Structure formats: structure tokens, C-alpha cells
Amino acid sequence: MSEEGKIRNLNFIEEIVEADLEAGKNDGRLLTRFPPEPNGYLHIGHAKSICLNFGLAIKYGGGTNLRFDDTNPVTEDTEYVDSIKNDVKWLGFEWENELYASDYFDQLFEFAKVLIRKGFAYVDDSSSEEMATLKGVPSMPGTDSPYRSRSIEENMALFEGMANGDFEEGTRVLRAKADMSSSNMLMRDPIIYRIKFAHHHRTGDKWCIYPMYDFAHGQSDSIEGITHSICTLEFVSHRELYDWFIEKLEIFPSKQYEFARLNLSYTITSKRKLLQLVNEKYVSGWDDPRMPTISAFRRRGYTPKAIRDFCDRIGVAKRDNLIDVSLLDFFVREDLNKLATRVMAVSDPVKVVITNFEEGLTETCELENNPEDPESGVREVPFTREIYIEKEDFMENPPKKYFRLAPGQMVRLKGAYIIQCDEVIKNESGELIELRCSLVKNSKSGQDESGLKVKGTIHWVSIPHAIKAEARIYDRLFKVEDPGSEEGDFKDYINENSLEIKELYVEPYLANATTDAKYQFIRNGYYVLDPDSRDGKLIFNKTVGLKDSFKIETAK
RNA sequence: UGGCCUGUGGUGUAAUGGUAACACAGAAGUUUUUGGUACUUUUAUUCAGGGUUCGAGUCCUUGCGGGCCAACCA
């Protein structure tokens, strides 16, 4: 947008940032962070957060750290770290620093001891059940743990013991001594360290105690000097604790702000549930093109720009939302329309014989690679006596506004001739097996002197030149709009017809298809070569269909 | 029903006391060698009541609806 006329269209976080910058807070510094836990692949919901955090830094001249929130070794893995880095880069963002909460384990351990020394933390020997009971319910104050009044010396000794591996898992925890009567359950002496004899993907077996989220996240933010720590709405009630630790520790005051997470219709964005789909083989993996993960979108042919534009458009606010997937489709089509090479592929073929075209002859037609891109040039497509067209491009008894082929009716073969259907050949059981057509002699594209105007243009491939390929066509993974909030198991709502495999006849140009090229199969949709393709076997993923405003008056 | 967050077309987001707008989706049309693209037109909106004000989507108040919080997950 060139006109700075009305600048006021900011989301609420941008307003906060601008106000802070204007007030000279943090010496005019802006530092955000994207803090994934490496326990799964990034999905479209993360994309929103990535675009927000990195986008803010780009817009206001700050930076963004990529920080892995790896405080729970039992669920985390380097496989996820690698995929996350790859996905963030692919989306087009560069981080300031690659960091890990586990980098701060020593510092966090010291912070915990500071709290103990100040009388703000204690070791509790209660079981988790006992602690839950004492915490009580939000409507009534909780009860102090019997261990709450241990001496600083005893707490220190016990905590060191925990770190030394003197105690069994689950026998003791370190808790903050906050406010057992708070209406915010998180303030009722939250656990800050627990014992876990687990191997950590980065620190190995150095530790057998690990900090909880609330005692790692805010402190990491503070250590890094994060100015705006942006997270989703579920963390609103954590903010009080976030501020409490920073205050008690007297460290750099990062501030937390919360926005509403993205919900997409007909999809699920819960790492736990996505992991289930992977583990229980409902999909082929995290990058199965039906998944809402970044890696799946990439494999399916979505572009980073489409995803970024989508995230820009959906905005940032605080109310719960359920975004229509068709909005994502729109941005995918919008970008692909500019990029995709137009090619011809027939998926449900019917043979057409051009009776007045010489047998054995191959003629060359020139077709535009992309009418939206003048630079894209043309390519040669072979034309012969026998071609395939799409079965649905012929109707024996067409309704009024059917512009395709029908007995006695003419169509343009894209980039080639106008043909007329002379004869319909069927087998004994009455099935259509062949159409015999004649071409209009001087009607070839580019040198058309026929003077004829036909309403319809259809795609085709020369049978002797056609390459057989596989098309993988995807439908939404779930049958209901909001599978996450439906009764019962979300897996009951899985669409069992979300993958359809079709045979395809494609023009010879596609023999050299590559996985990063985008194609439009004319009049059908956008496709991309799948990495499963092998020499001699082309596999195409359907990214998204073309908009189709044609509807047969099925009433007939 | 303890606390916190939140209610604007079908969906999402804007309007920062002064004409409720933008995008998608829907409908209709023009152009077109993709029934694509582009372009044009069009349908449809402030949760409810009360109050403040010349004027309220916006401020106050009372309801009502939705969401979150009682993991040794993040």
C-alpha cells in the first residue's frame, strides 16, 4: 500500500509495540521470540505465531529469537528441532539467535536457589494427589502444604539433593511459595522443578531435575532481553505468575501478551492429536499432504507466500475464531496463478479419433506456459490423429448451455484445432468407447482463418505421446467443521475418503517435472510433483482445484 | 455458579465518541482459445435491556452467550 492516508489499521499488539517504542521503553529496542517445544511438527497455527513474531520485528526494526522450549525431555527430540528450523526458514524468516531453554538450566537452577534463599520456594514431599487436594477448587482458598514452612537451610539441602539424584522420581518437587488462596490456581504454589531421570536431547544425563514451563519460559525471555513475549490466550492466567517470578528474581522485566490462536475449519491443530494421527497411521506421516503441518503444505504445493498472506489477512485479536479453509485456498490459488506452468493432463480419458487427420503424422502446437506471466514463454505440444479428452467434456444429450463436445457440436482443442463430433462409438453394453471427430482445416490456434467462434475450449493429450502418471487427490481430513470441539473422540470424524488415487495421462513436457515446480493442469487444478516419484513413475499431488463456476443443470 | 478473557454480515478482521468498512464465501454479469484469471454489480452486520451524550459498535450498567484456569505438559 502506497498511501499512508489512514495508518491506524494496527492490531492490538502492534498498538502496544508502537506505544512502547514511542515511550522509549527498552531503549527503543524490540525483541520477540518464537518458542516451540520440539515435540512435534509445526502446523498452520504456529505459522500465525511465526508471522506475528517475526513480522513485528521486521516491521519495527527489531529481531526474533528462535528458542526451543525444551524443558520436558521425555517428549522432545532433535528430529523435531530440525523440522522446525527447516519450516521457519521455508516460510521465509530469519532468526536472530538459535537458542534453547536447556541452555539456561544452570542459570535456572541458580534462580531457584535465589527463590529458596529469599523464602519464596520450598521443597514439598507431598504426592501429586495430595497437592491437588490441598490446592482445592477456584471458588475456595486452598490449604497450605505441611511442608510449606520448612527452613531455608532444609529447603536448600533438599533441593540440592534432588539435583544430585538422591530421591526417586515423583517423591519431591520444588514449589514456589506464592499464594494458596489466590483465585488464580496457578498462583497456588506452582511446581517449579520436578525430578525426571530422563535423557535430554541436548544436556544428556547432566540433570535429573527439570524446570516447569512457568519457571523456564519467562526466565528465558528475561535472560535474552525479550521485550514482547507473545503467546496464545491459554496463557493469560500464567501472566500473573510470569510477572511474579520476574519481580521476585529482580530480573529484566519481559512482558507477556496474549492473542487468540488460529482455528481452521475441518482441521485439527493440536500437536497431541496430530501425533496420534501419525502414530496410529491415519496418515502417512507428519508431512502427509492432508495434514495441516507446514511440511505437509510444502509437500502438497502450497507456497510460503500464500501462507504468509493468509496469516496477514486473518488478523490478530483476542476472540476465539474458526477460519474458513476456503480463505487459505484462496491465497494458495492467488499465488499459484502467477507461478504455475499450464500443462494438459487427462484423468478420465475417452479416445477421440480425428478422422481427417493423417495417420502416423505428428504436428506441433505451441502453447503458452503461463498467460499470467509474459516471461514464461511457450512450449511445443504434439498433436496426432488419436487423442484423449476428458470424459466429462462430452455429453450425448447436453443441456442448453453445455459448451463442450456433443454430437454435431464443435469445441476448440486448447492450442490446436476446432473439432466437430461426427460419430459416437459404444460397445455392446452401451458404454462410450470412442468419439470420431473431424477437425476444421484452417482453424489451428495462431493461424485460425475459419471465422468460426466456438464457446468451449477443452484440454487433450496425444495418445502416442501421453505419459501415464499418478494423481493423489486430497479432500479434507475431517467431516465436521470443528472436529476439536465435537463430542467424543475426534477420530470418529475422520473423512475416510480424504485420499483418492487416480491414473493420469499427461503431456510429454511433464517427463522432466521437478518437485519445486508448480503446475496447473488446465481446467482442473494446481499440482506439484511428489517426492515419492521414481524414475518412470510420476506422482502428482493436487494442491488445490481451480474455482469452478460451471454447474450442469442436473435437473436435465 | 471463584477468577480471568471475549461477543461487529455466513467467516474473519477494521472503524480509537461523528456516514459501520475490507477480504473470503454466496449471487448476477462483462471479458476470455482454461466455465481459470481479470473486471463490474449485488445480498448480508454491531448479543439484549437500561443509562450518559447533540451523537454510542465504541463510554457506564445489568443481563445473556462463548472461551480459559484445579497436569510433576507446554
Side-chain angles (χ1 to χ4, degrees), chain A residues 6 8-11 15 35-37 39 69-72 74-76 101 124 127-128 131-133 135-142 169-175 182-186 188 191-196 209-210 212-214 216-217 231-240 258 260 262 265 271-272 310 313-331 333-334 337-338 342 344 367-368 371-372 401-404 411-416 418 443 445-446 448 453-459 485 520-525 545-551:
Chain A
K6 25 185 163 179
R8 232 34 236 258
N9 260 1
L10 305 174
N11 66 51
E15 285 183 2
E37 184 189 9
N39 66 347
D69 232 333
D70 54 352
T71 58
N72 185 3
V74 303
T75 57
E76 294 154 7
D124 196 328
S127 67
S128 56
M131 282 195 289
T133 309
K135 269 191 185 177
V137 291
S139 52
M140 283 190 330
E169 236 175 83
T171 56
R172 285 188 165 89
V173 292
L174 184 70
R175 296 178 77 177
S182 172
S183 53
N184 180 353
M185 296 299 285
L186 282 157
R188 321 252 261 224
I191 295 173
I192 59 182
Y193 260 99
R194 77 290 214 187
I195 299 169
K196 269 185 200 287
I209 58 169
Y210 293 93
M212 297 287 288
Y213 166 84
D214 287 298
H217 198 96
C231 59
T232 47
L233 248 29
E234 316 84 272
F235 293 95
V236 168
S237 51
H238 291 251
R239 189 175 61 233
E240 191 180 354
E258 312 87 10
L262 162 72
S265 64
K271 275 199 274 184
R272 208 197 86 243
F310 170 75
R313 190 68 223 175
I314 58 176
V316 177
K318 298 184 83 159
R319 53 180 122 125
D320 292 326
N321 57 78
L322 182 62
I323 313 262
D324 199 323
V325 271
S326 67
L327 186 62
L328 218 204
D329 290 345
F330 167 79
F331 286 109
R333 287 195 197 97
E334 185 181 61
N337 178 45
K338 299 282 191 305
R342 271 58 171 177
M344 296 198 286
L367 271 88
E368 261 182 316
E372 302 298 317
K401 282 193 186 156
Y402 187 78
F403 302 145
R404 283 110 96 147
V411 275
R412 158 77 61 188
L413 293 174
K414 175 78 180 173
I418 294 174
S443 67
S445 287
D448 184 356
K453 271 208 195 155
V454 292
K455 254 321 206 169
T457 300
I458 63 173
H459 59 276
S485 67
Q520 184 198 96
F521 293 179
I522 283 182
R523 302 207 306 131
N524 174 336
L546 255 26
K547 259 180 95 168
D548 186 7
S549 55
F550 172 67
K551 24 189 188 293

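Everything numeric here is computed off the predicted structure, so don't read it as measured data. Every chain is numbered from 1 and lettered A, B, ... according to where its sequence line falls, protein lines coming before strand lines.
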Q) If the P atom of B/U8 is compared with that of B/U45, how far apart are they to the nearest Å? A) 14 Å
Q: Classify the nucleic acid contact of A/Glu372 as base, sugar-phosphate or nothing, counting any heavy atom under 4.0 Å across all strands shown.
A: base
Q. Considering only B/C69, B/G67, B/A14, which nucleotide approaches the side chain of A/Asn11 most closely?
A. B/A14
Q | For B/C68, the Watson-Crick or wobble counterpart (both distances under 3.5 Å) | A | B/G3
Q.
Using 30° and 60° as the class boundaries, would you call the ring planes of A/Phe331 and A/Phe310 parallel, tilted or perpendicular?
A. perpendicular
Q.
Of the options B/A74, B/G12, B/A70, whose atoms approach the side-chain atoms of A/Ile323 most closely?
A. B/G12
(Q) What's A/Val316 touching, base or sugar-phosphate or nothing? Going by heavy atoms closer than 4.0 Å. (A) sugar-phosphate
Q.
Over all strands shown, is A/Met131 touching base, sugar-phosphate only, or nothing at heavy-atom distances under 4.0 angstrom?
A. base
Q: For A/Leu546, answer base if it contacts any base atom (sugar-phosphate contacts may also be present), sugar-phosphate if it contacts only those atoms, and nothing otherwise; contact means non-hydrogen atoms under 4.0 Å.
A: base
Q: Ignoring backbone atoms, establish whether A/Arg194 has a side-chain N or O less than 4.0 Å from OP1 or OP2 of B/C73.
A: yes
Q: Using a 4.0 Å heavy-atom cut-off across all strands, classify A/Ile458 as base, sugar-phosphate, or nothing.
A: nothing
Q: Rounded to whole angstrom, note down the C1' distance from B/A27 over to B/U62.
A: 42 Å
Q | With A/Phe330 via side chain to side chain contact (heavy atoms under 4.5 Å, CB included) - residues at least two apart | A | A/Glu334
Q: For B/U31 and B/A23, measure between their C1' atoms and round to the nearest Å.
A: 24 Å
Q) Closer than 4.0 Å, any side-chain N/O of A/Thr457 to the OP1 or OP2 of B/U32? A) no
Q | Gap between atoms CZ and P, on A/Phe331 and B/G12 respectively (whole Å) | A | 15 Å
Q: Between B/A44 and B/A25, how far apart are the C1' atoms? Round to whole Å, please.
A: 12 Å
Q) So, is A/Ser183 close to the B/C4 phosphate, meaning a side-chain N or O under 4.0 Å from OP1 or OP2? A) no
**Q.** Pair of N/O donor and acceptor under 3.5 Å linking B/U33 base with A/Arg523 side chain
**A.** no
Q.
Closest approach to the side chain of A/Ile314, judged atom by atom: which nucleotide of B/A74, B/G12, B/C69 is it?
A. B/G12
Q.
Under 3.5 Å for both donor-acceptor distances, Watson-Crick or wobble: does B/U42 have a partner, and if so which one?
A. B/G26
Q) Any donor-acceptor pair under 3.5 Å linking the side chain of A/Arg188 with the backbone of A/Ser182? A) yes
Q: Please measure how far the C1' atom in B/G49 lies from the corresponding atom in B/G65, and state the result in whole Å.
A: 15 Å
Q: Using a heavy-atom cut-off of under 4.0 Å over every strand shown, decide if A/Lys271 touches base, sugar-phosphate, or nothing.
A: nothing
Q: Please work out if A/Phe330 contacts a base, only the sugar-phosphate, or nothing of the nucleic acid, heavy-atom cut-off 4.0 Å.
A: sugar-phosphate
Q: Would you state whether a donor and an acceptor, one from the side chain of A/Glu240 and one from the base of B/G3, lie under 3.5 Å apart?
A: no
Q | A/Glu37: which of A/Asn72, A/Thr71, A/Thr75 passes side-chain hydrogen bond (donor to acceptor under 3.5 Å, both in side chains) | A | A/Thr75
(Q) Does B/C73 have its OP1 or OP2 closer than 4.0 Å to a side-chain nitrogen or oxygen of A/Lys196? (A) yes
Q: With the side chain of A/Lys547 defined as its heavy atoms from C-beta on, choose the nearest nucleotide among B/G36, B/G35, B/U13.
A: B/G36
Q) So which nucleotide from B/A23, B/A15, B/G35 ends up closest to the side chain of A/Asn9? A) B/A15
Q. Using a cut-off of 4.0 Å on non-hydrogen atoms, how would the nucleic acid contact of A/Lys135 be classed: base, sugar-phosphate, or nothing?
A. nothing
Q: Pick base, sugar-phosphate or nothing for A/His217, based on heavy-atom distances below 4.0 Å to the nucleic acid.
A: nothing
Q: Just call it for A/Ile522: base, sugar-phosphate, or nothing, with non-hydrogen atoms closer than 4.0 Å on any strand.
A: base
